[in-house]
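Notes to accompany the following structure.
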Protein chains: 2
Amino acid sequence: MGRPKQFDPETAVEQAMQVFWRKGYGDTTPQDLVDALGIGKGSLYHAFGSKHGLFELSLRHYRDTQAKALTDLLAEGEGTVKERLRKGLELLVEMDLADPDRRGCLAVNTATGLPRADETASGLVRGMFARTEDAFRALVEEGKRSGEIAPDRDAAAVGSLLLNTVVGLRVTARVADGPDGMRRTIQAVLDLL
Amino acid sequence: MGRPKQFDPETAVEQAMQVFWRKGYGDTTPQDLVDALGIGKGSLYHAFGSKHGLFELSLRHYRDTQAKALTDLLAEGEGTVKERLRKGLELLVEMDLADPDRRGCLAVNTATGLPRADETASGLVRGMFARTEDAFRALVEEGKRSGEIAPDRDAAAVGSLLLNTVVGLRVTARVADGPDGMRRTIQAVLDLL
DNA sequence: CCTCTTCTTGACCCGAAAGTACAAAACCCT
DNA sequence: AGGGTTTTGTACTTTCGGGTCAAGAAGAGG
């Protein structure tokens, strides 16, 4: 009962996420959000409570779409483990560098941009990192079973390394002036495996 | 001629760097700087022109102290190459996690926090990354010469990987709830070498 | 000692960030 | 149609960010 919303909250969160991703939390103003969502400021605060509340929803949405896309890609891809790994990493780099805004990864940007007190946001980031690390670990284990990866490798350790590699790459994507360094990084990690 | 400065500009830049490092560029206010440097706002703007100008000096100072400390450690350490590598990475992680503010690395934080237009800052970050990468590459080459590292390794590629690893670790240091994941990452990278 | 220059201080300024208030509007139910 | 409920739009408020300015203090040179 009562007047129905004139906008779709999920769409709004998606749009908000795009703004936060492009500009960062601190540099995003309520006016930016109002412009992007196409609703009044009153509606915005009525529906989402605060800029930070909307940011939290945006982070969750990022986790359920972007971060999930990577773990799915790793889990469901076709081809050998190493091929999937190479495809996944190369796709990531290409997308990051093709982005005219060079947004990188919202989770990574949040990790380094957080005010020290934001336990909610850092918890969400930790969660995304943990899931991705786990997807890598699972992939490594599959590689060990299939014989592609030496059986004496510690899958958990290599998973950590691969997550860490992705995080590093997505920082670099924000400032790199070309793909060479990042390609070399991928090359090295695949060679060493 | 003229009235002499009542403060040492170099000390002031050092103090400003600490503030930017702890709070980030965007969250640092002129008032924060005034408080930290112990001078009036007028003096601050008279001496440094703008918040951004002071930030630029702070970044350069970071490069010449913190970033240099790492490259020096890699270049001048004692012991085998792998021992130096291990020491360097472990020291980094310990320092990052021991820091109550979890500031991570100013260059990394700047990379992910810059507004898209700040070419000056991103150039400085690129420069620091390049120097560090080169220090790693040189270390790998030394390892190849000494026989510690297989001669068919591409030193430049491994250098990229090591820089990337450090960048990733310093992001993780901002949100990690313990040293385990980071230690696993170091373990994996050393094992693979 | 007078002047010229360079620093220092604190008051002041303007715009904007984040959020609030509240009346009007749009719906549901009976 | 009327009452209860939720949403909307706009105006408003408060605080603060980033910066400027005028007036004076502290030196150097003549």
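The sequence lines fix the lettering, A, B, ..., with proteins before strands; numbering per chain opens at 1.
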How many whole angstroms separate atom [atom1] of [X] from atom [atom2] of [N]?
X: A/Leu54; N: C/dG19; atom1: CG; atom2: P; value: 11 Å
X: B/Asp32; N: D/dC16; atom1: CG; atom2: C1'; value: 12 Å
X: A/Ile39; N: D/dT10; atom1: CD1; atom2: P; value: 13 Å
X: A/Gln31; N: C/dG15; atom1: CD; atom2: C1'; value: 13 Å
X: A/Phe7; N: D/dG9; atom1: CZ; atom2: P; value: 10 Å
X: B/Leu44; N: D/dT20; atom1: CG; atom2: P; value: 12 Å
X: A/Phe55; N: C/dG19; atom1: CZ; atom2: P; value: 14 Å
X: B/Leu33; N: D/dG19; atom1: CG; atom2: P; value: 11 Å

Hey, does the Lys NZ or Arg CZ of B/Lys68 hover above the aromatic six-ring of B/Tyr62, less than 6.0 Å from the centre and inside 45° of the axis?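 Output no; distance or angle outside limits.
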
Determine, step by step, whether A/Phe129 and A/Val108 satisfy the side chain to side chain contact (heavy atoms under 4.5 Å, CB included) criterion, reporting the C-alpha distance in whole Å, the side-chain angles of both residues, the deciding distance to 0.1 Å, and the verdict. CA-CA 9 Å; A/Phe129 283 3; A/Val108 170; 4.1 Å; yes

Could you go step by step and tell me if A/Gln66 and A/Arg63 meet the side-chain hydrogen bond (donor to acceptor under 3.5 Å, both in side chains) rule? CA-CA 6 Å; A/Gln66 308 294 317; A/Arg63 176 192 61 195; over 6 Å; no

Of B/His52 and A/His46, whose nearest nucleotide on DNA chain D comes first from the 5' end?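 Residue closer to the 5' terminus by nearest nucleotide: A/His46.
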
Contact class for B/Phe48 (heavy atom, under 4.0 Å): base, sugar-phosphate, or nothing?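 The residue B/Phe48 makes no contact with any strand.
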
Out of B/Arg102, B/Arg174, B/Arg103, which one pairs with A/Arg116 under the side chain to side chain contact (heavy atoms under 4.5 Å, CB included) rule?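 For A/Arg116, the side chain to side chain contact (heavy atoms under 4.5 Å, CB included) check succeeds only for B/Arg102.
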
How does protein reach along nucleotides 21-30 of chain D, written 5' to 3' as B (base within reach of a heavy atom under 4.0 Å), S (only sugar-phosphate), or - (no contact)? B--BBBBS--

Short of 4.0 Å, heavy atom to strand atom, which residues of residues 8-30 of chain B count as contacting DNA chain D?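 Here the set is B/Thr28, B/Thr29, B/Pro30.
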
May I ask you to decide whether [X] forms a salt bridge with [Y], counting only side-chain N to carboxylate O separations under 4.0 Å?
X: B/Arg170; Y: B/Asp96; value: yes
X: B/Arg126; Y: B/Glu119; value: yes
X: A/Arg137; Y: A/Glu141; value: yes

Considering the options B/Glu76, B/Glu90, B/Glu142, which one meets the salt bridge (Lys or Arg N to Asp or Glu O under 4.0 Å) requirement together with B/Arg84?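 Only one of B/Glu76, B/Glu90, B/Glu142 forms a salt bridge (Lys or Arg N to Asp or Glu O under 4.0 Å) with B/Arg84, namely B/Glu142.
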
Between A/Lys23 and A/Asp27, does the salt bridge (Lys or Arg N to Asp or Glu O under 4.0 Å) criterion hold? Intermediate values first, please. CA-CA 6 Å; A/Lys23 309 196 55 163; A/Asp27 288 344; over 6 Å; no

Compare side-chain N and O positions of B/Ser43 against OP1 and OP2 of C/dT9 and report whether any pair is under 4.0 Å apart.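 For C/dT9, OP1 or OP2 has a side-chain N or O of B/Ser43 closer than 4.0 Å.
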
